[in-house]
Amino acid sequence: MTSADKENSIDFIREIVERDLREGKHGGRVHTRFPPEPNGYLHIGHAKAICIDFGIAEEYGGLYNLRFDDTNPVKEDVEYVDSIMRDIKWLGFDWEDRLYYASDYFDKMYDYAEQLIEKDAAYICDLSTDEVREYRGTLTEPGRNSPWRNRSVEDNLDLFRRMRSGEFPDGTRTLRAKIDMASPNMNMRDPAIYRILKKSHHRTGNRWCIYPMYDYAHCLEDSIEGITHSCCSIEFEDHRPLYDWFLDQLDIFHPQQIEFARLNLTYTIMSKRKLAMLVENGLVSGWDDPRMPTLSGLRRRGYTPESIRDFTGRIGVAKRDSTVDMALLEYCIRDDLNRRAPRFMAVLDPLKIIIENYPPGKCEELEFINNPEDESAGSRMVQFSRELYIERDDFQEEPHKKFRRLVPGREVRLRYAYLITCVDVVKDEDGNVKELICTYDPETRGGSAPDGRKVKGTIHWVSAEHAVPAEVRLYDRLFTVENPLSSDNFIDTINNESLRVLNRCRIEPSAADLVIGEPVQFERKGYFCKDPDSTEKRLIFNRTISLRDTWKKILKNQK
RNA sequence: UGGGGCGUCGUCAAAUGGUUAAGACACAGGGUUUUGGUCCCUGCAUUGGGGGUUCGAAUCCUCCCGCCCCAGCCA
């Protein structure tokens, strides 16, 4: 094996697809689908599935469908249909005209069910839920046949039609597949195919009062759409014999189900139910809270679709249980934003400095590079004046030995501006630093000295007169531990400092015109984007992710 | 203790019996730098355990250990 081969190694699903292509299995056709149930919001785990389903189709010149698996009206709603479509489009996938609903196939599914009955492969069962459970047996004991298992085809057909016409109340009867009550695979112990549910459906209204179960419906949906490779998560592995059974009984087009491991991420949770708990209990502001692993949350936080797609590519596809380090996701967004985000100056925790020898009232414009990683981004002019704000923690009166920012008597650089020296510290009556008196060297305009002398530190600043006020929301990981679910109660592991709101920030004026969601870098601080809560009067920025902070690391390693 | 699946670096993940077990993230150290950012360099595993087959095993056989999933008229 050469190194080039190693770099091109592919996952087991793509291996299957490539082999099928090579062998001409479906006439060289690749057709996949992403089949969400519209009962909640998409999260980054779904993004992994979407990138596998749709990404594979794209890579092999195939097609992909978006299909809503809406077979249970009790849990579903159009609200979710809309948000799911928005999120998938945002990720950058286009299913064109191939948008389908399981409910589109209800008639066809019903016909197939009658076929099953006619070949004595399904029967109407009158057992109650509790009785079914008793008859099913346990993991170690076989089940027993339902007393209704041997009804005649005629009776079954008659009963099924009456079920459909609404003659029987919810829960009184089911249509069951006649397979094997002693199967070691619980899924094969005469699973339910149809249940009675007198509930209005968001698309079919009251046309139906019986609804197909997942195992029966899903393989038919795939078959009807001519799906070649039906990828799903690993817990469906032992449903595959059932998937195959229905298609074999009906003798119709047979897609291949392939299972892969779900995504887990450190410091967060992926369970829809538990995320809902956070929303319902007000622990987060909503499904799109920037701390949520939902796609709407990540989007609001400032994650780009490109970064998420890059991430899903980097984590790979396999079958083993795994938990990906959140640091990888953070790396992906930093990597993307470093290349594309224009730089701005923002002082989050302002400390005023006065340049003693700079003429009062004078203002000059200095040239700033918009993005050192992208020459085409050009430059802009930024106003400089006598009174400025710098970051409070860029000054230490009694400095740490490795601190190389502003210190009394030490010269540092104001980025793209001048070399300054702190000559005096003004304090309030409590002894807190109120402002700094500095001097500047007029010969160092732009930040470099003609005599070639160097300074160790460069700090950012904004002009006090010109900067605009803003609120900045600093987000951190939602949980304090890598695996919140390992705790007795995951709620207890929520990070109380996952949101810090800073109200006195000052940003360079040009940043006020930014479009909501557009990513920027606040130099030396991190990547940010304007939040939709912003108004004309109130600018609000979300911190997507901080810059890598080796200074913080130095301080931490010292302890 | 039925059935199914899975165990390779701290975390993901390659390897398809054949030279020193890829790569990425993380971590540690160093260089460059007008962002303590970026970038560059260096370091970082003998494959869950035992036996066996073989000239040769992460790959094959065998026994053991561990983890995950399944007893919805949810998906």
Side-chain angles (χ1 to χ4, degrees), chain A residues 1 3 5-7 9-11 15 35-37 39 69 71-72 74-76 125 127-129 132-133 136-143 170-176 182-189 191-197 210-211 213-215 217-218 232 234-241 259 261 266 272 314-332 334-335 338-339 343 345 369 372-373 402-405 413-417 419 446-448 454-460 482 521-526 546-554 557:
Chain A
M1 162 147 302
S3 62
D5 288 335
K6 284 181 179 177
E7 281 163 24
S9 66
I10 56 171
D11 60 71
E15 256 171 33
E37 182 186 18
N39 70 344
D69 207 356
T71 57
N72 185 359
V74 177
K75 301 168 72 176
E76 297 153 9
C125 181
L127 256 26
S128 69
T129 314
V132 167
R133 190 181 312 123
R136 185 156 32 226
T138 68
L139 293 178
T140 52
E141 303 159 68
D170 284 10
T172 52
R173 277 176 238 260
T174 54
L175 178 68
R176 292 226 257 164
S183 172
N185 181 346
M186 300 297 285
N187 297 116
M188 301 299 272
R189 319 247 261 227
I193 301 176
Y194 270 93
R195 76 286 216 183
I196 303 170
L197 233 42
I210 57 172
Y211 292 91
M213 299 289 291
Y214 167 84
D215 285 306
H218 204 89
C232 61
I234 200 90
E235 69 271 24
F236 292 105
E237 200 152 26
D238 51 15
H239 290 236
R240 192 183 343 124
E259 310 84 12
T266 56
K272 213 178 265 183
R314 285 168 181 273
I315 59 177
V317 183
K319 299 189 73 155
R320 64 185 86 105
D321 276 342
S322 64
T323 303
V324 176
D325 194 338
M326 177 66 90
L328 181 61
L329 215 212
E330 295 173 343
Y331 167 82
C332 291
R334 283 194 185 107
D335 187 48
N338 174 51
R339 273 177 274 131
R343 273 59 169 170
M345 303 285 246
I369 292 166
E373 303 295 316
K402 291 192 171 174
F403 189 75
R404 46 186 209 228
R405 285 116 81 158
R413 173 165 36 237
L414 291 179
R415 176 141 234 230
Y416 295 129
L419 264 31
S448 50
K454 302 283 186 212
V455 293
K456 278 178 291 184
T458 300
I459 62 176
H460 63 280
E482 284 196 7
Q521 184 191 103
F522 287 163
E523 291 218 24
R524 302 210 303 133
K525 294 270 100 178
S546 67
L547 254 30
R548 267 186 67 212
D549 192 347
T550 55
W551 170 238
K552 198 157 93 184
K553 210 169 278 180
I554 290 168
N557 288 347

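As the structure is a computational prediction, the values presented were derived from the model and not from experiment. Letters go in sequence order (proteins before strands), and every chain restarts at 1.
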Is a side-chain donor or acceptor of A/N185 paired with a backbone partner of A/D238 at a separation under 3.5 angstrom?
yes
Using a cut-off of 4.0 Å on non-hydrogen atoms, how would the nucleic acid contact of A/P241 be classed: base, sugar-phosphate, or nothing?
nothing
Could you pull out the closest heavy-atom pair between A/T138 and A/M186, with the gap in Å?
O-SD, 3.8 Å
Roughly how far apart, to the nearest Å, are B/G3 and B/U16 at atom P?
32 Å
Heavy atoms from C-beta onward define the side chain here; which of B/G37, B/U35, B/A75 lies closest to that of A/T458?
B/U35
Are the ring of A/Y214 and the base ring of B/A75 both nearer than 5.5 Å at their centres and tilted by less than 30°?
no
Let me know the distance between CG of A/L328 and C1' of B/G23, rounded to the nearest Å.
12 Å
Within less than 4.0 Å of OP1 or OP2 of B/A75, is there a side-chain N or O belonging to A/T71?
yes
Categorize A/R548 for me: base, sugar-phosphate, or nothing, with a 4.0 angstrom heavy-atom threshold over every strand shown.
sugar-phosphate
If we take the C1' atom in both B/C44 and B/G5, what is their distance in whole Å?
32 Å
Complement of B/G72, any strand, by Watson-Crick or G-U distances under 3.5 angstrom
none
Mind checking if A/V317 touches a base, just sugar-phosphate, or nothing, with heavy atoms under 4.0 Å?
sugar-phosphate
Would you indicate what A/F236 reaches in the nucleic acid, counting non-hydrogen atoms under 4.0 angstrom: base, sugar-phosphate, or nothing?
base
Atom P, compared across B/A57 and B/G52: separation rounded to whole Å
12 Å
Considering every strand and a 4.0 Å limit on heavy-atom distances, what is the contact class for A/Q521: base, sugar-phosphate, or nothing?
base
Across all strands shown, which nucleotide pairs with B/A14 by Watson-Crick or G-U wobble geometry, both distances under 3.5 Å?
none
Verify the contact: side-chain N or O of A/R320 to OP1 or OP2 of B/A13, cut-off strictly under 4.0 Å; return yes or no.
yes
Nearest-angstrom distance from the residue atom CG of A/L197 to C1' of B/C73:
8 Å
Regarding the side chain of A/K319, the nearest nucleotide among B/C25, B/A28, B/C6 is B/C6
How many whole angstroms separate atom CG of A/N185 from atom C1' of B/A71?
11 Å
Let's test your reading of the model: under 3.5 Å, does the base of B/G36 pair with the side chain of A/R405 as donor and acceptor?
yes
Report yes or no: does A/R404 contribute a side-chain atom to a donor-acceptor pair with the main-chain N or O of A/T458 at less than 3.5 Å?
no
Which nucleotide, in any strand shown, forms a Watson-Crick or G-U wobble pair with B/U46, with both distances under 3.5 Å?
none
Evaluate the criterion side chain to side chain contact (heavy atoms under 4.5 Å, CB included) for residue pair A/R413 and A/L419; output intermediate values, then yes/no.
CA-CA 4 Å; A/R413 173 165 36 237; A/L419 264 31; 3.6 Å; yes
Identify the two heavy atoms, one from A/H239 and one from A/D215, that lie closest to each other, and give their separation to 0.1 Å.
ND1-OD1, 2.7 Å
Remember a base hit wins even if backbone is also touched, and classify A/E37 as base, sugar-phosphate or nothing at under 4.0 Å, heavy atoms.
sugar-phosphate
Taken in chain and number order and not counting sequence neighbours, the residues that satisfy side-chain hydrogen bond (donor to acceptor under 3.5 Å, both in side chains) with A/E235 are A/S233, A/R262
Separation of the P atoms in B/U53 and B/C69, to the nearest angstrom:
39 Å
Take atom C1' in B/C60 and the same atom in B/A22, then report the distance between them in whole Å.
23 Å
If you check every side-chain atom of A/I234, which of B/G5, B/G36, B/C70 has the closest atom?
B/G5
Could you tell me whether B/G72 is syn or anti, where syn means a glycosidic angle within 90 degrees of zero?
syn
Pairwise distance CG(A/L175) to CD1(A/I196) - rounded to 0.5 angstrom
10.5 Å
So, does A/R415 get its side chain near the phosphate of B/G37, meaning an N or O under 4.0 Å from OP1 or OP2?
no
Does the base of B/G3 carry an N or O that pairs as donor and acceptor with the side chain of A/E237 under 3.5 Å?
no
Hey, is the side chain of A/R133 poking within less than 4.0 Å of OP1 or OP2 on B/G72, counting only N and O atoms?
yes
Could you check A/N72 against A/A417 and say which one's nearest nucleotide on RNA chain B is further toward the 5' end?
A/A417
If B/U33 has a Watson-Crick or G-U wobble mate with both distances under 3.5 Å, name it; if not, just say none.
none
Report which part of the nucleic acid A/L127 touches: base, sugar-phosphate, or nothing (heavy-atom distance under 4.0 Å, all strands).
base
Is it the case that B/U35 (base atoms only) and A/R343 (side chain only) share a donor and an acceptor within less than 3.5 Å, ignoring hydrogens and angles?
yes
For the student: nearest non-hydrogen atoms of A/Y194 and A/M213, plus distance:
N-CG, 4.3 Å
Just by distance, do the side chain of A/R189 and the backbone of A/R136 share a donor-acceptor pair under 3.5 Å?
yes
Roughly how far apart, to the nearest Å, are B/C74 and B/A58 at atom C1'?
40 Å
Of the listed nucleotides B/A13, B/C25, B/U35, the one nearest the side chain of A/A327
B/C25
With a 4.0 Å cutoff (strictly under), does any side-chain N or O of A/R524 reach OP1 or OP2 of B/G36?
yes
Quick one: which of B/G72, B/G2, B/C12 gets closest to the side chain of A/I315?
B/C12
Side-chain N or O of A/K553 versus OP1/OP2 of B/C27: is the shortest distance under 4.0 Å?
yes
Nearest-angstrom distance, C1' atom, B/U32 to B/C68:
48 Å
Report the base-pairing partner of B/G66 (Watson-Crick or G-U wobble, both distances below 3.5 angstrom), or none.
B/C6
Atom-pair distance (CG on A/L547; P on B/U38), nearest Å:
7 Å
What nucleic acid atoms does A/T129 come within less than 4.0 Å of, heavy atoms only: base, sugar-phosphate, or nothing?
base
Roughly how far apart, to the nearest Å, are B/U8 and B/A15 at atom P?
15 Å
Across the strands shown, which category fits A/Y331 at heavy-atom distances under 4.0 angstrom: base, sugar-phosphate, nothing?
sugar-phosphate
Have a look at A/F522 and say if it touches a base, only the backbone sugar-phosphate, or nothing, with a 4.0 Å heavy-atom cut-off.
nothing
So what does A/K402 hit on the nucleic acid, given a heavy-atom distance under 4.0 Å: a base, only sugar-phosphate, or nothing?
base
Among the candidates B/U16, B/U35, B/C69, find the nucleotide nearest to the side-chain atoms of A/E15.
B/U16
Using a heavy-atom cut-off of 4.0 Å across all strands, would you classify A/R314 as base, sugar-phosphate, or nothing?
sugar-phosphate
Which part of the nucleic acid, if any, lies within contact of A/S448, taking any heavy atom under 4.0 Å across all strands shown: a base, the sugar-phosphate backbone alone, or nothing?
base
From the candidates B/C69, B/C25, B/C39, the one with an atom nearest any side-chain atom of A/D335 is B/C39
Look at the side chain of A/L139 and decide which nucleotide, out of B/C73, B/C70, B/G37, has an atom nearest to it.
B/C70
Answer with yes or no whether A/D238 presents, from its side chain, a donor or acceptor under 3.5 Å of a partner atom in the base of B/G3.
yes
In terms of side-chain geometry, is the basic nitrogen of A/K553 or A/D549 positioned less than 4.0 Å from the acidic oxygen of its partner?
no
Which comes earlier along RNA chain B counting from the 5' end, the contact point of A/N187 or that of A/T323, where each point is its nearest nucleotide?
A/T323
Is A/H239 touching bases, backbone alone, or none of the nucleic acid, heavy atoms closer than 4.0 Å?
base
